[in-house]
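Notes follow the structure.
Values reported hereafter were calculated over all heavy atoms of this structure, with side chains retained and with hydrogens, waters and symmetry mates removed. So you know, we letter chains A, B, ... as the sequences are listed, proteins then strands, and number each from 1.
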Number of protein chains: 2
Amino acid sequence: MTVTIYDVAREAKVSMATVSRVVNGNPNVKPATRDRVNEVIERLNYRPNAVARGLASKKTTTVGVIIPDISNIYYSELARGLEDVATMYKYQTIISNSDNDPQKEREIFNNLLSKQVDGIIFLGGTLSNETAGLIKTSSVPVVVSGTEDNDSSLPAVNIDYRAASREVTEKLVKDGARQFAFVGGGYSEKARHEVMAGMKEVLTANDIDIDDQAVYIGNEQYLDGAKAFEQLKALKPEVILCISDEQAIGLVHAAQDSGLSIPEDLQIVSFNNTRLVQMVRPKLSSVMQPLYDIGAVGMRLLTKFMNDEEIDDNQVILPYHIDYRGTTK
Amino acid sequence: MTVTIYDVAREAKVSMATVSRVVNGNPNVKPATRDRVNEVIERLNYRPNAVARGLASKKTTTVGVIIPDISNIYYSELARGLEDVATMYKYQTIISNSDNDPQKEREIFNNLLSKQVDGIIFLGGTLSNETAGLIKTSSVPVVVSGTEDNDSSLPAVNIDYRAASREVTEKLVKDGARQFAFVGGGYSEKARHEVMAGMKEVLTANDIDIDDQAVYIGNEQYLDGAKAFEQLKALKPEVILCISDEQAIGLVHAAQDSGLSIPEDLQIVSFNNTRLVQMVRPKLSSVMQPLYDIGAVGMRLLTKFMNDEEIDDNQVILPYHIDYRGTTK
DNA sequence: ATGAAAGCGCTAACAC
DNA sequence: GTGTTAGCGCTTTCAT
């Protein structure tokens with residue numbers, strides 16, 4: 001049978017309270033007793049039952065992670081960052097895929113609360129008002145990584161998409177481009193909005209029109225890039241800003257297949273900065289956002305909430321930079 | 001304060017046992033009482049405490065997942081498959097990254113057991129004897145996906161790497177190739193062994209020598225592909241079999257950069273079948289293994305163990321097929 | 001420094 | 001069909 005704290009106590013001729021103290025590193029134990037207890041723990045191969053501990057202490061040292069799709073390379077990179085700092089702080093993570101569906105998000109959220117997690121990280125490009133509302137009623141701290149709610153009241157970590165978009169657009173306009181198009185889609189509604197806004201700001205400031213037709217919203221997949229190109233090609237865009245790397249690569253290939261030269265005839269910049277940008281030829285010009293860190297910093301922020309540490313700012317904006325590689329002139 | 005089963009019982013004027021029954025769908029409750037209890041549950045927004053339930057019932061409806069690296073597109077695809085069927089069976093998953101380090105695997109394993117998970121899925125190309133031994137002592141069922149232990153005694157789901165390797169090699173030999181090389185690395189020691197074995201079997205049968213120098217073992221990353229090419233190029237291989245897609249793509253680019261034509265001068269086949277194979281030009285010829293299903297079937301197998309269902313065979317071999325795309329003639 | 005005892009919120013006999 | 005009660009394995013006052 002499983003060995004309990006009681007077995008250890010009896011064997012070490014102390015009370016279970018003392019065993020509990022040595023297991024939890026409480027200093028109020030005479031070194032001699034401590035050693036004796038540790039010896040018994042070792043000998044009996046005693047392993048504390050985290051469930052019982054969780055019930056008694058109301059702390060489970062587990063955090064929940066709500067993620068759109070773990071098989072998406074963008075999110076799995078965030079997940080790795082977040083998991084590493086969770087481990088660092090002795091937390092385990094329960095990860096669930098939501099497909100960014102508010103209905104599933106609600107279910108996952110309730111499951112997580114029922115499991116008594118100490119905190120929750122919400123990952124996703126889109127944060128519906130419905131889900132944002134749910135989060136605001138949460139009994140445990142929640143931080144949001146890679147997106148934010150509409151009035152930015154939730155703790156969140158992001159990059160400044162709009163500024164990045166502005167910077168890219170300015171550079172390309174300065175270099176002579178006039179025909180811009182935009183491709184977004186998938187889970188990244190927030191990013192989509194910001195990137196478009198940044199682009200439009202700069203274009204407007206430069207008296208450049210952007211056609212309503214020059215915006216394609218699909219999903220974030222490779223194959224969708226070809227569809228995007230299909231819709232946009234009639235407009236003969238000189239530049240396409242694209243959120244998703246996979247979609248951008250699809251775009252590059254579709255354009256090449258139709259006889260265009262990249263970047264001579266068409267320039268493409270993506271915003272997700274997954275490892276993929278390096279793995280195609282020409283290499284994708286892209287906004288480098290620190291994916292791993294967005295996850296990691298989000299989890300660090302969450303640990304602060306969970307341990308009632310002081311928070312200087314619950315809206316963290318991480319730096320980005322832009323790498324102009326092979327898909328821009 | 002949090003509302004407990006007591007509160008519901010009092011409010012509904014029944015005993016907590018009855019509340020427990022309706023919450024757990026026990027049929028021994030009069031419909032009228034059931035409705036009354038449900039109404040109170042709704043009104044009080046009662047949510048069962050899974051930790052308390054776990055302590056009392058010794059079942060947590062959570063399974064542990066030990067994964068080398070969730071940010072690796074190969075493993076994250078397995079993870080998605082596994083998570084989907086876990087959800088289907090009402091389990092949550094605690095996912096931890098091991099980097100395939102036996103030391104970390106041990107820690108994670110103990111954490112998981114301490115959390116009283118109902119079962120564990122082990123993912124990884126390499127299963128050390130140390131970890132295999134640990135698994136065999138486990139008090140909860142463990143299934144292994146995408147690898148196996150040395151004497152194949154653990155429940156596992158895989159494809160037949162050796163057969164796939166044989167098939168590829170035969171085809172390319174038949175088409176005239178004589179100079180073969182192999183590139184492996186990263187987490188996939190088992191796959192590496194099998195693929196090499198399959199290749200050598202066929203080469204030997206055809207009286208073709210393979211140089212010891214024609215084997216490169218590194219990591220599974222894109223940049224490592226260039227290193228592999230650097231080592232192998234002097235041998236002027238006509239064919240390179242490569243486990244990892246990322247590495248294979250690196251190989252393709254390095255070969256092209258050195259002036260070779262793919263597939264005319266060099267043919268490359270990879271074995272991981274991540275989405276990447278479609279996303280490069282030329283498209284990678286590869287062994288198509290059902291990644292999502294390897295994860296999904298592994299989890300399904302685990303649910304059978306957890307629910308004491310009958311198991312017909314605990315060694316599942318899933319089918320594969322081979323797609324000859326742009327990197328083979 | 002150590003022990004006794006009261007829960008934590010629930011399930012699972014067992015009784016009625 | 002419903003209630004009573006004894007745990008599950010631990011933490012946490014409160015004494016001593």
Length of the line joining [X]:[atom1] and [N]:[atom2], which is rounded to integer Å:
X       : N      : atom1 : atom2 : answer
N26(B)  : dG3(D) : CG    : C1'   : 14 Å
Y6(A)   : dC8(D) : OH    : P     : 11 Å
D7(A)   : dG9(D) : CG    : P     : 9 Å
Q116(B) : dG9(C) : CD    : P     : 19 Å

Does dT11(C) have OP1 or OP2 under 4.0 Å away from a side-chain N or O of R53(B)?
yes
Can you find a side chain N or O atom of S20(B) that sits less than 4.0 Å from OP1 or OP2 on dT11(C)?
yes
Helix axis bend for the helix from dA1(C)-dT16(D) to dC16(C)-dG1(D) - C1'-based end axes, five pairs, 10° rounding:
30°
Taken in chain and number order and not counting sequence neighbours, the residues that satisfy side chain to side chain contact (heavy atoms under 4.5 Å, CB included) with N129(B) are N150(B)
Using a 3.5 Å distance criterion without hydrogens, assess whether the side chain of [X] forms a donor-acceptor pair with backbone atoms of [Y].
X       : Y       : answer
T131(A) : R106(A) : no
Q116(A) : G54(A)  : no
T4(B)   : Y6(B)   : yes
D69(A)  : D99(A)  : no

Residues 30-39 of chain B vs side chain to side chain donor-acceptor pair (under 3.5 Å), sequence neighbours excluded, gives E39(B)-R43(B)
ring-ring contact (aromatic ring centres under 6.0 Å, His included): which pairs involve residues 51-102 of chain B, sequence neighbours left out?
Y75(B)-Y187(B)
Name each donor-acceptor pair under 3.5 Å that joins a side chain in residues 310-317 of chain A to protein atoms two or more places apart or in another chain, with its distance.
residue	atom	partner	partner atom	Å
D313(A)	OD1	Q315(A)	N	3.2
Q315(A)	NE2	S152(A)	O	3.0
Q315(A)	NE2	L154(A)	O	2.4

Once base and sugar-phosphate atoms are separated, protein heavy atoms under 4.0 Å mark nucleotides 1-8 of chain C, 5' to 3', with B, S and - as SBBB--BB
